[in-house]
Amino acid sequence: MKNALLLLTSILLLSLPSCKDKCGLQVSIDAVLPDNNPVDYEVLIKTEGFGDSVIVYFGNQQASLRQGDGIGEFIATVPNGLSGNVEVSVEEEDCIARFGNFVVTGALPSNVQPSLTNIVLPTTPSVLPTDGFTNFWPNAADSATGINLKDTTVLGVKQLSSSSKEFNFNPGGTFFNENPVSGSIDIASNVIFLAVDRTAKGGTVEHFDGQFIEPPGLLPANAKYAILLVSRETGRQMLLYFPE
């Protein structure tokens with residue numbers, strides 16, 4: 001009788017749906033980019049093992065959510081009423097993954113360039129630029145900031161000259177002004193790499209990977225071209241545009 005009860009219990013346990021059965025894979029949060037932001041700003045959450053019906057919480061506050069570009073990528077808005085360190089959790093059915101190192105800031109950190117409230121999903125541009133890039137490329141989040149790009153062509157790839165600089169014309173914006181910018185712009189492959197050197201101001205070198213994108217509707221009407229950059233160090237986006 002005892003053996004029969006043990007067998008029945010084992011069968012019942014095996015028949016219960018597991019977290020792995022429902023999610024298909026071991027679930028995880030691989031990154032939250034950036035890992036700090038004010039309320040009402042969006043962040044990109046990269047996950048593994050989840051489907052499309054997830055719910056995201058910052059602390060105990062549910063976040064509004066939209067789909068990202070890649071599989072398992074979600075864009076969440078930091079909910080109101082939070083500050084300081086909070087846990088980000090992604091839930092689907094009985095499965096949950098947690099990220100415990102997110103910081104809700106009162107404003108954008110002082111050591112980063114202005115960034116847009118919303119994450120920009122890139123769209124392939126209808127036209128790629130064929131001429132030089134010598135121009136002040138304003139930051140869409142604050143047109144008084146951005147990068148002055150000056151280039152020379154080396155074997156078909158635009159290499160930034162030593163006169164390329166970061167600029168910030170806001171009062172007190174000297175930390176982000178006149179910092180050297182190096183890198184390359186490969187039009188054929190639409191691959192852009194920039195490095196902004198702020199070491200002379202007591203900062204570090206920030207590296208950006210980017211591409212030309214179709215100018216989104218949030219840009220001024222005179223935006224001829226647009227460059228979307230993502231910082232390797234912070235995960236923040238910077239959207240630059242070429243005013244015609």
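Just so we're clear, the structure is a prediction, and the values are computed from it rather than from any experiment. All values below were derived from every heavy atom in this structure, side-chain atoms included, with hydrogens, water molecules and symmetry-related copies excluded.
- Contact of the Glu42 side chain with the Leu65 side chain is not registered, since no non-hydrogen atoms from C-beta on lie closer than 4.5 Å.
- You'll find the side chain of Thr105 stays beyond 4.5 Å of the side chain of Leu108, heavy atoms only.
- Taking all atoms of both residues into account, the shortest heavy-atom contact from Leu82 to Val104 is O-CG1, 3.3 Å.
- Under 3.5 Å, the side chains of Glu166 and Gln113 contain a donor-acceptor pair of N or O atoms.
- A salt bridge does not link Lys165 with Glu178: none of the charged nitrogens is closer than 4.0 Å to a carboxylate oxygen.
- Side-chain atoms of Thr77 never come within 3.5 Å of backbone atoms of Ala63 as a donor-acceptor pair (strictly under, hydrogens ignored).
- Contact record, Gly146 with Leu240: CA-CD2, 4.3 Å, taken as the closest heavy-atom pair.
- Note on Arg232 versus Asp209: salt bridge recorded, some NZ/NE/NH1/NH2 to OD/OE distance being below 4.0 Å.
- For the residue pair Gly210 and Leu229, the shortest heavy atom distance occurs at CA-CD2, 3.8 Å.
- At least one side-chain heavy atom of Val43 sits under 4.5 Å from a side-chain heavy atom of Val78.
- Under 3.5 Å, the side chains of Asn111 and Arg198 contain no donor-acceptor pair of N or O atoms.
- In terms of the side-chain hydrogen bond (donor to acceptor under 3.5 Å, both in side chains) criterion, residue partners of Ser163 (sequence neighbours excluded) are, by chain and number, Ser161.
- Val56 and Val39 fall within the same hydrophobic cluster, defined by Ile, Leu, Val, Met, Phe, Trp and Tyr side-chain heavy atoms under 4.5 Å apart, directly or through other members.
- Under the 4.5 Å side-chain criterion, counting only non-hydrogen atoms from C-beta, Pro138 is in contact with Tyr241.
- Residues Ser115 and Gln237 bring no donor and acceptor atom of their side chains to less than 3.5 Å of each other.
- A donor-acceptor pair shorter than 3.5 Å can be found between the side chains of Arg236 and Asn36.
- A centroid separation of less than 6.0 Å is found between the aromatic rings of Phe58 and Phe102.
- For the pair Thr123 and Ile213, the minimum side-chain heavy-atom distance is 4.5 Å or more.
- Judged purely by distance below 3.5 Å, without hydrogens or angles, the side chains of Glu48 and Ser28 never pair a donor atom with an acceptor atom.
- Annotation for Ala226 and Leu239: closest pair CB-CD1, 4.2 Å, computed over non-hydrogen atoms.
- Taking Pro114 as the reference, Asn139, Ala141, Asp142, Thr145 meet the side chain to side chain contact (heavy atoms under 4.5 Å, CB included) condition, with sequence neighbours excluded.
- Every residue meeting the ring-ring contact (aromatic ring centres under 6.0 Å, His included) condition with Phe167, not counting sequence neighbours, appears here in chain and number order: Phe136, Phe169.
- Side chain to side chain, Ser126 and Glu214 meet the donor-acceptor criterion of an N or O pair below 3.5 Å.
- A donor atom on one side chain and an acceptor atom on the other are not found under 3.5 Å apart for Ser184 and Asp186.
- At least one side-chain heavy atom of Ile147 sits under 4.5 Å from a side-chain heavy atom of Val181.
- Put simply, the residue from Asp30, Leu33, Val88 that forms a side-chain contact (heavy atoms from CB on, under 4.5 Å) with Ile45 is Val88.
- When the options Thr134, Val157, Ile185 are evaluated for a side-chain contact (heavy atoms from CB on, under 4.5 Å) with Asp151, the one that passes is Thr134.
- Below 30°, between 30° and 60°, or above 60°: for Phe212 and Tyr225 the angle between ring planes is above 60°, a perpendicular geometry.
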